[in-house]
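All chains are named by letter (A, B, ...) in the order of the sequence lines, taking the proteins before the strands, and each is independently numbered beginning at 1. Fair warning: this is a prediction, and the values are worked out from it, not measured in the lab.
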Amino acid sequence: MPELPEVEVIRRDLERDAVGRRIKEVQVKLPRIIRRHKTKKEFADALIGAKITRIDRRGKYILCHLDNGNVLVMHLGMSGRIERSTGRKAAEKHTHVVLKLQTGGELRFIDMRQFGELFVTAGEMDGVKELAHIALDPLADSFTWQVFSEIVSSRKMKLKTLLMDQKFISGIGNIYSDEILWAAGLRYERPSDQLTSQEMRRLYRAMQEVLQDGIRHGGVTLEDETYRNLYGKQGEFQDHLKVYGQEGKPCRRCRTPIVRDRWGNRSTYYCPQCQV
DNA sequence: GTTTAACCCTGCACGC
DNA sequence: TGCGTGCAGGGTTAAA
């Protein structure tokens with residue numbers, strides 16, 4: 001569920017609240033979450049005593065840079081979240097990893113569906129090798145209209161597949177891809193190499209605007225309430241969704257009922273009238 | 001190169 | 001009440 005905007009909201013929270021703090025103790029309650037490591041000890045030893053110096057984001061991955069040269073990489077999967085706690089409140093169900101901080105308090109990794117993961121790796125000059133396949137961030141300054149245009153037009157893929165493919169564009173998932181395509185007035189199955197230059201510009205602008213809007217509204221918290229920010233607050237962008245989850249409701253542009261298609265094993269929502 | 005399906009997982013809704 | 005089934009979905013992988 002967490003996509004680029006939700007992850008960015010958490011990144012900003014962590015930047016405010018975790019940078020400068022030292023990790024005192026690491027508890028791993030579910031080894032599956034640190035599946036890239038052979039043992040809990042290997043994971044914990046790479047973290048204990050280290051100070052968090054910077055928080056970055058690469059697509060849907062959060063990168064906590066440490067003063068020992070390591071990087072703690074976190075992916076929230078579908079239902080993961082990170083909670084800042086004083087440590088006094090009992091850990092809620094599905095709390096799988098706890099990082100206790102030297103100055104008090106702790107960071108808890110909570111994930112009902114266990115698709116999320118944490119791992120520690122050596123930081124390198126040009127990033128983290130495990131994330132080498134993750135494409136440029138669509139909100140990065142270097143992700144220009146020209147770069148986007150080249151990515152889209154040089155492939156023959158359905159637009160939604162392309163938007164969601166982390167190798168080409170990072171951070172977009174099922175919810176935001178539907179919203180971006182609605183904002184651009186384009187159908188999810190349109191071949192990426194057959195857009196007019198006007199359509200291409202609309203798609204680029206829609207991508208930037210929808211993602212920024214998502215961040216501004218604190219991300220999307222659906223009815224399952226799995227997504228919260230670092231302090232447990234829900235997002236508000238679900239109240240601004242134009243198509244995702246809006247099946248049968250009138251399109252905000254043309255009043256035509258929004259349609260839901262089963263596409264692969266995902267749902268996709270669109271307006272059959274104004275998305276062409 | 002691109003598409004499709006299966007897999008991982010839990011909670012919930014639904015039908016019988 | 002209780003059981004089985006299907007669904008939600010991100011990323012990876014294998015097969016088509």
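Residues from residues 207-215 of chain A with heavy atoms under 4.0 angstrom of DNA chain B: there are none.
For A:Glu130 and C:dT12, the CD to P distance is 12 Å, given to the nearest whole Å. Atom CE in A:Met74 sits roughly 16 Å away from atom P in C:dG11 (whole-Å rounding). The nearest whole Å value for the distance from the CG atom in A:Leu76 to the P atom in C:dG10 is 12 Å. Atoms CZ (A:Arg32) and P (C:dT12) sit 14 Å apart, rounded to a whole Å. Atom-to-atom, CZ of A:Phe115 to C1' of C:dT12 comes out at 11 Å; the value is rounded to the nearest Å. The CD atom of A:Glu117 sits 11 Å away from the P atom of C:dG11 (whole-angstrom rounding). Counting to the nearest Å, the P atom of C:dG10 and the CZ atom of A:Arg35 are 15 Å from each other.
Taking for each of A:Gln114 and A:Thr161 the nucleotide of DNA chain B with the nearest heavy atom, the 5'-most of the two is the partner of A:Thr161. In terms of position on DNA chain C, the residue among A:Met78 and A:Ile134 whose nearest nucleotide sits closer to the 5' end is A:Met78.
Within the 4.5 Å cutoff, no side-chain heavy atoms of A:Glu25 are placed close to those of A:Ile48. With a 4.5 Å cut-off on side-chain heavy atoms, A:Arg57 and A:Asp137 count as touching.
Under the side-chain contact (heavy atoms from CB on, under 4.5 Å) criterion, A:Asp17 pairs with A:Arg21, A:Arg84, A:Leu230, A:Tyr231, sequence neighbours left out. Residues satisfying the side-chain contact (heavy atoms from CB on, under 4.5 Å) criterion with A:Ser154, sequence neighbours excluded, are A:Glu150.
A:Ser79 comes within 4.0 angstrom of no nucleic acid atom, judged by non-hydrogen atoms across all strands. No engagement by A:His96 is indicated, since no non-hydrogen atom pair under 4.0 Å with the nucleic acid exists. Residue-level contact check: A:Lys167 touches neither bases nor backbone, having no heavy atom under 4.0 Å from any strand.
Within the 4.0 Å cut-off from OP1 or OP2 of C:dG10, not a single side-chain nitrogen or oxygen of A:His75 is found.
Closest of all the heavy-atom pairs between A:Pro2 and A:Leu76 is CG-CB, 3.8 Å. Between A:Arg58 and A:Ile134, the closest heavy-atom pair is NH2-O, 2.6 Å.
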query = Going through the checks in order, is the side chain to side chain donor-acceptor pair (under 3.5 Å) test met by A:Glu6 and A:Tyr176?
reply = CA-CA 11 Å; A:Glu6 289 76 29; A:Tyr176 287 92; 2.7 Å; yes
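Protein chain A contacts DNA chain B from B:dT2 to B:dG11, reading 5' to 3' and using non-hydrogen atoms of the protein with a distance under 4.0 Å.
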Below 3.5 Å, can you tabulate the donor-acceptor pairs from side chains in residues 178-187 of chain A to any protein atom, sequence neighbours excluded?
residue	atom	partner	partner atom	Å
A:Asp178	OD1	A:Lys160	NZ	2.6
A:Asp178	OD1	A:Thr268	OG1	2.9
A:Asp178	OD2	A:Tyr269	N	2.8
A:Glu179	OE1	A:Lys242	N	2.8
A:Glu179	OE2	A:Lys242	N	3.3
A:Glu179	OE2	A:Val243	N	3.0
A:Glu179	OE2	A:Tyr244	N	2.8
A:Arg187	NE	A:Gln275	O	2.9
A:Arg187	NH2	A:Pro272	O	3.1
A:Arg187	NH2	A:Gln275	O	3.3

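Applying the 3.5 Å distance criterion, the base of C:dG10 shares no donor-acceptor pair with the side chain of A:Arg113.
The hydrophobic cluster containing A:Phe115, built from Ile/Leu/Val/Met/Phe/Trp/Tyr side-chain heavy atoms closer than 4.5 Å, also comprises A:Met78.
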